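All of these numbers come straight from a predicted model, not from anything done at the bench.
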Amino acid sequence: MTRLLKIIINSAVGLLYPKQCMSCGKVLLKIEKELGFCRGCLKGVKLVDDNSCLKCGKPIEDGVEELCEQCVGQNHYFTQNKGVFVYEGPIKKSMYLFKYGNKRCSGKLFAKYAAKKYGKWIKNNEIEAIVPVPMYKQKMKRRGYNQAEVFATELGKLLGIPVSRDIIRRERDTVAMKQLRGAKRKKNLLNAFKVPENIVQFRKVLVVDDIYTTGTTIDEVSKALKGGGITEIYSLCICIGRM
């Protein structure tokens, strides 16, 4: 296919299917397309800044503290987690559409934000593979896709890192984590993840998911991966909640 033909096809697709804001659905202006949000929504979209927990990555109001209240005195199975966006405002709607509204195209833009913000961090930690948090096979069949896997695939393309989809699996269905609090979250995911025997070939991996709230999911996945022989687990989530 010639370069001119590609330009013509892309222009036609752009006219038929104009890019929309990932939150409100408004058709984006030319200068907004790379950002993925219209000007109105972009005002409410917040990236996680340097004032965040050095362990889980949650925003900390007090810039003096290194760890959030949740991570003080708590041992995590992962080495460090990072979040791209603060889970509030317009980003909540965009995440809902990404997860339940078949807006898989948002995964590419989320990955661009993640690569720009944490690409150097990922490289410095010598990540060998990206591992999306697995979805139970029946739920995957109903929804048609795993949003964490979509995000992982796009991130892997940008960073040149392989995505390992079979290194861990979800053994049973679980209740939606947003419906649970505290110890019930941990109990809900107890032994939910399993690493197949003799499949682990990496030392350092990056686990990715859509939203980080208490860290229970990332912890349980990291626990299973460590049990399978992986020595260091880092994690990255598209969104992360405040304390």
*Would you tell me whether Q147 and Y145 have side-chain atoms, one donor and one acceptor, within less than 3.5 Å of each other?*
no

*asked:* Minimum heavy-atom separation for G228 and V195, please, with both atom names.
replied: CA-CG1, 4.3 Å

*Over all atoms of both residues, closest heavy-atom pair of G57 and V48*: O-CG1, 3.8 Å

*Supply the members, apart from M135, of the Ile/Leu/Val/Met/Phe/Trp/Tyr cluster built from side-chain contacts under 4.5 Å; use none for a lone residue.*
M140

_Any side-chain to backbone donor/acceptor pair from E128 onto R203? Under 3.5 Å, distance only._
yes

*Report, as yes or no, whether the 6.0 Å neighbourhood of atom CG on N124 holds more than 12 heavy atoms from other residues, nucleotides or ligands.*
yes

*Would you call E32-K19 a salt bridge at under 4.0 Å N-O?*
no

_K108 atom NZ: more than 12 heavy-atom contacts under 6.0 Å_ = no

*With a 4.5 Å heavy-atom cut-off, do C237 and I218 have their side chains touching?*
yes

*Above 12 or not: heavy atoms from other molecules or residues under 6.0 Å from CZ of R39?*
no

_Interatomic distance, M22 atom CE to L35 atom CG [nearest 0.5 angstrom]_ = 9.0 Å

*Any pair counted as ring-ring contact (aromatic ring centres under 6.0 Å, His included), so long as it reaches residues 206-233, sequence neighbours left out*: none

*How close do K226 and T231 get, heavy atom to heavy atom, and via which atoms?*
CE-O, 3.6 Å

*asked:* To check you understand the geometry: which heavy-atom pair defines the closest contact between C53 and C71, and what is its length?
replied: SG-SG, 3.8 Å

*CD of Q138: more than 12 outside heavy atoms within 6.0 angstrom?*
yes

*So, N125 side chain and I127 main chain: donor-acceptor pair closer than 3.5 Å or not?*
no

*Find out whether Q74 and H76 are in side-chain contact, i.e. whether some heavy atom of one side chain is under 4.5 Å from a heavy atom of the other.*
yes

*Answer yes or no: is there a side-chain heavy-atom contact under 4.5 Å between L225 and F193?*
no

*Kindly check if the number of other-residue, nucleotide or ligand heavy atoms within 6.0 Å of NZ (K117) is above 12?*
yes

*Under a single-linkage rule joining Ile, Leu, Val, Met, Phe, Trp and Tyr whose side-chain heavy atoms are separated by less than 4.5 Å, which residues share a cluster with L28?*
none

*Do side-chain atoms of E149 reach the backbone of R165 as a donor and acceptor pair under 3.5 angstrom?*
no

*Between Y118 and W121, what is the ring plane arrangement, given parallel below 30°, perpendicular above 60°, and tilted in between?*
perpendicular

